[in-house]
Amino acid sequence: MILRPKVRGFVCVTAHPVGCAAYIQEQIDYVKRQGTIKDGPKKVLVIGASTGYGLASRITAAFGANAATFGVFYDRPSEEGRPATPGWYNTIAFERAAKTAGLYAKSVNGDAFSDDIKRQVIALIKAGLGPVDLVVYSVASPRRVHPKTGVVHRSVLKPVSQTYTNKTVDTDLGVVSDITIEPATEEEIADTVAVMGGEDWEMWMQALDAAGLLAPGATAVSYSYLGPEVTWPIYRNGTIGLAKNDLERAARRIDAMLKAKGYGRAFISINKALVTQASSAIPVVPLYISVLYKIMKAQGTHEGCIEQMQRLFATQMYNGSALNFDEGGRVRLDDLEMRPEVQRQITEIWPQVTTESLRSLTDIDGYRVEFLKLFGFGLAGVDYEADVEPHILF
Ligand code: NAD
């Protein structure tokens, strides 16, 4: 069938398998061009491995450091006549490329929050890979069924304590408008922490330790965001920010556990704001990203997920480098985004952005290109007029 993008709000309900494979290849080529990462990880478990930062971490580990990788993700598989969600195609393309390169790569598609998937993954790692020396936790999800209580927690993206009004953009229609969001209830805050906080990461680390699947020196990393003041009410000080505080709490606990047992360490990396499926759902943030891209591209400092993750591995975690922590004990990959000069320009541009000035003052066009690429559309060298089989299996 001929597959075209069908954008509905902040999701695209179609994905292109050949385009997704081309996107994976672009990222692999980038990592290879940067050269081998010395003393890199050898056996890596990535939880949340099929898109965004988790996928970029997996590609960097495999193609930058020749690591064997195990990925856990949660995507809708393809069916006869119906395309999958992009992570399905991404993971198939990644595994094929890894195997061609002689690298071990296995994946499980299922709910990482569940005890059942943890058991399955642990059994498969035990049988085929052995203890891992790096665990990347990069899950972004709107809901979690709690494995012990069965309660369904749904995360919300809302301010805390106060009503928040700011500009936002409908990235599909290109319309800038004001959005007012009422503060979250106590229950909504607790639900968001249950979904996007650190409990599940801790559960994974405990399960891996109990199964004897952490190698000497094992390191664990998860990702967060802080951002500038313009987004604080909806991000840093909002429900998601409170969940991220809980992720930092979990990082400290996991770090203490790893150290007490003679493994390595756990830490949080604060990454740059980028177009991903997760970030496109947050009000205000896509408009901020569009302004940010414009400024950082003009400066030549723009990075995507793969550049960020390659930089994390090559200049912080491995390659003879040392982790460079801020005062809060976090690695800062948002350093270029947070430069005063960049943020000063954002503060200047922000009040001037309207529907009419959107294309001249922001990189909304670049945002849309990146967004469609997440679904395999707009990749160079892909013939989008050609008939393509949407149903692909591992
Ligand atoms: P993403 O939506 O691209 O990726 C999420 C991944 O989680 C996918 O692989 C998905 O399959 C997987 N997943 C979702 N629910 C799952 C489940 N129940 N079981 C197993 N896998 C599941 O998101 P992203 O933007 O790459 O976010 C990853 C992390 O990076 C998050 O912690 C996010 O807060 C953080 N982060 C993102 C940004 C940004 O701007 N995008 C910036 C800084 C930090």
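Every number for a ligand or one of its atoms is a count from 1 in the order of the listing. Any value given below was found using the heavy atoms of this structure, including those in side chains, with hydrogens, waters and symmetry copies removed.
We find that Glu248 and Lys244 are not joined by a salt bridge, their nearest charged nitrogen and carboxylate oxygen being 4.0 Å or further apart. Salt bridge status for Asp172 with Arg8: absent, with no side-chain N to carboxylate O gap under 4.0 Å. For the pair Arg4 and Glu385, the salt-bridge criterion is met [side-chain N within less than 4.0 Å of a carboxylate O]. Between Glu348 and Arg344, at least one side-chain nitrogen of the basic residue sits less than 4.0 Å from a carboxylate oxygen of the acidic one, meeting the salt-bridge criterion. Taking 4.0 Å as the cut-off between side-chain N and carboxylate O, Glu202 and Arg253 count as a salt-bridged pair.
Residue Gly87 places every heavy atom at 4.0 Å or more from ligand 1. For the pair Arg143 and ligand 1, no heavy-atom separation below 4.0 Å is found. Ligand 1 lies within reach of Lys272, whose nearest heavy atom is under 4.0 Å from it. In this structure, Gly110 has a heavy atom closer than 4.0 Å to ligand 1.
The option from Tyr53, Tyr74, Phe73 that lies nearest to atom 16 (C) of ligand 1, judged by heavy atoms, is Tyr74. For atom 10 (C) of ligand 1, the nearest non-hydrogen atom from the set Ser50, Ala49, Pro286 belongs to Ser50.
For atom 40 (O) of ligand 1, the nearest non-hydrogen atom of the protein is Leu274 N, 2.8 Å. Atom 1 (P) of ligand 1 has as its closest protein heavy atom Thr51 OG1, 3.3 Å. The nearest heavy-atom contact from the protein to atom 19 (N) of ligand 1 is Ala112 N, 2.8 Å. Annotation: atom 27 (O) of ligand 1 to nearest protein heavy atom, Ala140 CB, 3.8 Å. The protein atom (non-hydrogen) at minimum distance from atom 43 (C) of ligand 1 is Ser224 O, 3.2 Å. The single protein non-hydrogen atom nearest to atom 29 (C) of ligand 1 is Ser138 OG, 3.5 Å, given as residue, atom name and distance. Scanning all protein heavy atoms for the shortest distance to atom 32 (O) of ligand 1 gives Lys244 NZ, 2.8 Å.
Note: Arg339 CZ to Met296 CE = 7.5 Å, rounded to the nearest 0.5 Å.
Only side-chain heavy atoms of Thr276 come within less than 4.0 Å of ligand 1; its backbone N, CA, C and O stay farther off. With a heavy-atom cut-off of 4.0 Å, Cys305 does not touch ligand 1 at all. Under 4.0 Å from ligand 1, not a single heavy atom of Val285 appears.
Residue Val160 belongs to a hydrophobic cluster whose other members are Ile189, Val193, Leu242, with links defined by side-chain heavy atoms closer than 4.5 Å.
Shown here are the side chain to side chain donor-acceptor pair (under 3.5 Å) partners of Gln25, two or more places apart in sequence or in another chain: Asp29.
Close approach of ligand 1 to Asn271 is summarised as follows: ligand atoms under 4.0 Å from at least one heavy atom of the residue are 43 (C).
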